[in-house]
There are 2 protein chains.
Amino acid sequence: MRTPNHLDQTLLALADPTRRAILQRLSAGETRVTELAEPFAMSLNAVSKHIRVLERAHLVHRRREGREHLLSFTPKPMDDVARWMDAQRANWSARLQALDDLLQEEDRAAASAPPDKKGRTR
Amino acid sequence: MRTPNHLDQTLLALADPTRRAILQRLSAGETRVTELAEPFAMSLNAVSKHIRVLERAHLVHRRREGREHLLSFTPKPMDDVARWMDAQRANWSARLQALDDLLQEEDRAAASAPPDKKGRTR
DNA sequence: TTGATATTCAACTCCGAGGTTGAACGATGC
DNA sequence: GCATCGTTCAACCTCGGAGTTGAATATCAA
């Protein structure tokens, strides 16, 4: 908890529509900060701060060329997120399968008993 | 931006190690609040708040049974995250492929010219 | 009813996120 | 040199996240 790990930073960075839009834009290619900020209804400074959050999460890389800062998307942290989610999915999918089996078991058992008024919800 | 959409809520909820641990625990089966809070070095109230964040993101479902609140993992929002990430991946993977092609093109061209001092960085 | 258990609600602190404005800094162009 | 462009830094505001403690609510058990 005292170590804000990479997943934390990455997920936090992704949990904002502006930043996701920035990433989407960057996935189309390197872009200058000003150019990147142009479509947003907020100050350049605000966008600059969003960029710093993305940098902290290692989701964008900055390359200075003269006075221009060129930003590009570095997707590696997203892989970590994907890996974590896959691991989670593996966990609960197995369990949901077991639950399904159990429910079917119950249904077969209920078929030989008086039916229940309320159906299986959701 | 004024509509904090589902992805926002979900990613924000996931961007905390305590909450991810809670989900991990819940993926092993329904759990009472107190039982859930026991391993964490924080007050029951703090855990209760985390649970509310997870509920807001529809990542957990609460079922009241007497005085006990039984929580379970509802993974659907994670699918939305996965879908968004896949879409992103489709975007930039295509572009990275194009970039790779370009770099190889340049390498071939450079092979016939005097070599460059600084190598291809990262 | 009384008392214990399970959980939330309410009020508070602290801190950082997200936004603003204004100034500073570094590179470019004349 | 000087003005301008691209970008950040600094200071400030507001809001909500994350934690605390203490009281309230609801259920169970006697």
Side-chain angles (χ1 to χ4, degrees), chain A residues 1-23 25-26 29-72 77, chain B residues 1-23 25-26 29-72 77:
Chain A
M1 187 212 292
R2 287 269 61 72
T3 44
N5 65 40
H6 286 198
L7 264 186
D8 285 34
Q9 307 279 171
T10 305
L11 289 166
L12 190 74
L14 293 177
D16 179 286
T18 302
R19 288 194 288 266
R20 287 200 302 278
I22 288 177
L23 288 186
R25 176 71 163 81
L26 287 183
E30 249 187 355
T31 315
R32 287 186 307 119
V33 172
T34 311
E35 188 180 355
L36 201 53
E38 190 265 322
F40 297 108
M42 69 183 68
S43 75
L44 184 61
N45 266 349
V47 174
S48 184
K49 280 192 177 185
H50 281 301
I51 291 169
R52 261 200 286 144
V53 174
L54 290 167
E55 280 186 296
R56 188 179 61 186
H58 304 104
L59 280 165
V60 319
H61 172 252
R62 182 190 304 258
R63 180 170 73 86
R64 249 150 288 222
E65 185 156 308
R67 59 184 163 180
E68 301 181 344
H69 294 209
L70 296 173
L71 305 169
S72 53
Chain B
M1 189 211 293
R2 288 270 59 74
T3 43
N5 66 39
H6 286 198
L7 265 185
D8 285 34
Q9 306 279 161
T10 306
L11 289 165
L12 189 74
L14 293 176
D16 180 285
T18 302
R19 288 195 289 265
R20 286 199 303 277
I22 289 178
L23 289 186
R25 176 70 164 82
L26 287 183
E30 249 186 355
T31 315
R32 288 184 309 118
V33 172
T34 311
E35 188 179 356
L36 201 54
E38 191 265 322
F40 297 107
M42 70 183 68
S43 75
L44 184 61
N45 266 348
V47 174
S48 182
K49 281 191 176 186
H50 280 302
I51 292 169
R52 260 200 287 143
V53 174
L54 290 167
E55 279 186 296
R56 189 179 59 185
H58 304 102
L59 279 165
V60 319
H61 173 251
R62 182 190 305 256
R63 180 171 73 86
R64 249 150 288 222
E65 185 156 307
R67 57 183 165 179
E68 301 182 345
H69 294 209
L70 296 173
L71 305 168
S72 53

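For the numbers below, each heavy atom of this structure counts, side chains included, while hydrogens, waters and symmetry mates do not.
- Atom CZ in B:R63 sits roughly 15 Å away from atom C1' in C:dA6 (whole-Å rounding).
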Table of protein N/O atoms under 3.5 Å from nucleotides 24-30 of chain C N/O atoms:
none

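- B:R19 has no side-chain polar atom (N or O) that falls below the 4.0 Å cut-off from OP1 or OP2 of D:dG17.
- The distance between atom CG of B:L14 and atom P of D:dA18, rounded to the nearest whole Å, is 12 Å.
- Of the residues A:V53, A:V60, A:V47, A:L14, the one that meets the side-chain contact (heavy atoms from CB on, under 4.5 Å) test with A:R19 is A:V53.
- Closest approach to the B:A46 side chain among D:dG19, C:dG18, C:dT20 is made by D:dG19 (side chain taken as heavy atoms from C-beta onward).
- Scanning for side chain to side chain contact (heavy atoms under 4.5 Å, CB included) contacts around A:A46 gives A:M42, A:S43, with sequence neighbours left out.
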Close N/O contacts between protein and nucleotides 8-11 of chain C (under 3.5 Å):
residue	atom	partner	partner atom	Å
C:dT8	OP1	B:R62	NH1	2.1
C:dT8	OP1	B:R62	NH2	3.1
C:dT8	OP2	B:S48	OG	2.7
C:dT8	O4	B:N45	OD1	3.2
C:dC9	N4	B:N45	OD1	2.8
C:dC9	N4	B:N45	ND2	2.5

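- In this entry the distance linking CE of B:M42 with P of D:dT20 reads 7 Å, nearest Å.
- Rounded to a whole Å, the CZ atom of A:F40 is 18 Å from the C1' atom of C:dT20.
- Minimum heavy-atom separation, B:A15 to A:L12: CB-N, 3.4 Å.
- Every residue two or more places apart in sequence or in another chain that forms a salt bridge (Lys or Arg N to Asp or Glu O under 4.0 Å) with A:R20 is listed here: B:D8.
- A:R32 pairs by the side-chain hydrogen bond (donor to acceptor under 3.5 Å, both in side chains) definition with nothing, not counting sequence neighbours.
- Counting only residues at least two apart or in different chains, side-chain hydrogen bond (donor to acceptor under 3.5 Å, both in side chains) contacts with residues 51-60 of chain A comprise A:E55-A:R62.
- Look at CZ on B:R32: it is 13 Å from C1' on D:dC28, rounded to the nearest Å.
- Residue A:D8 contributes atom CG, which lies 12 Å from atom P of C:dA17 at whole-angstrom precision.
- Here D:dG6 presents its C1' atom at 11 Å from CG of A:L70, a figure rounded to the nearest Å.
- Applying the side chain to side chain contact (heavy atoms under 4.5 Å, CB included) rule to A:T31 yields the partners A:R25, A:L26, A:E35, A:L36; only residues at least two apart in sequence or on another chain are considered.
- For the side-chain hydrogen bond (donor to acceptor under 3.5 Å, both in side chains) test, no residue two or more places apart in sequence or in another chain qualifies with B:E38.
- Between B:S43 and D:dG19 there is no side-chain N or O to OP1 or OP2 distance below 4.0 Å.
- Put simply, CD on A:E35 is 11 Å from P on D:dG6, counting in whole angstrom units.
- With sequence neighbours excluded, no residue forms a side-chain hydrogen bond (donor to acceptor under 3.5 Å, both in side chains) with A:R64.
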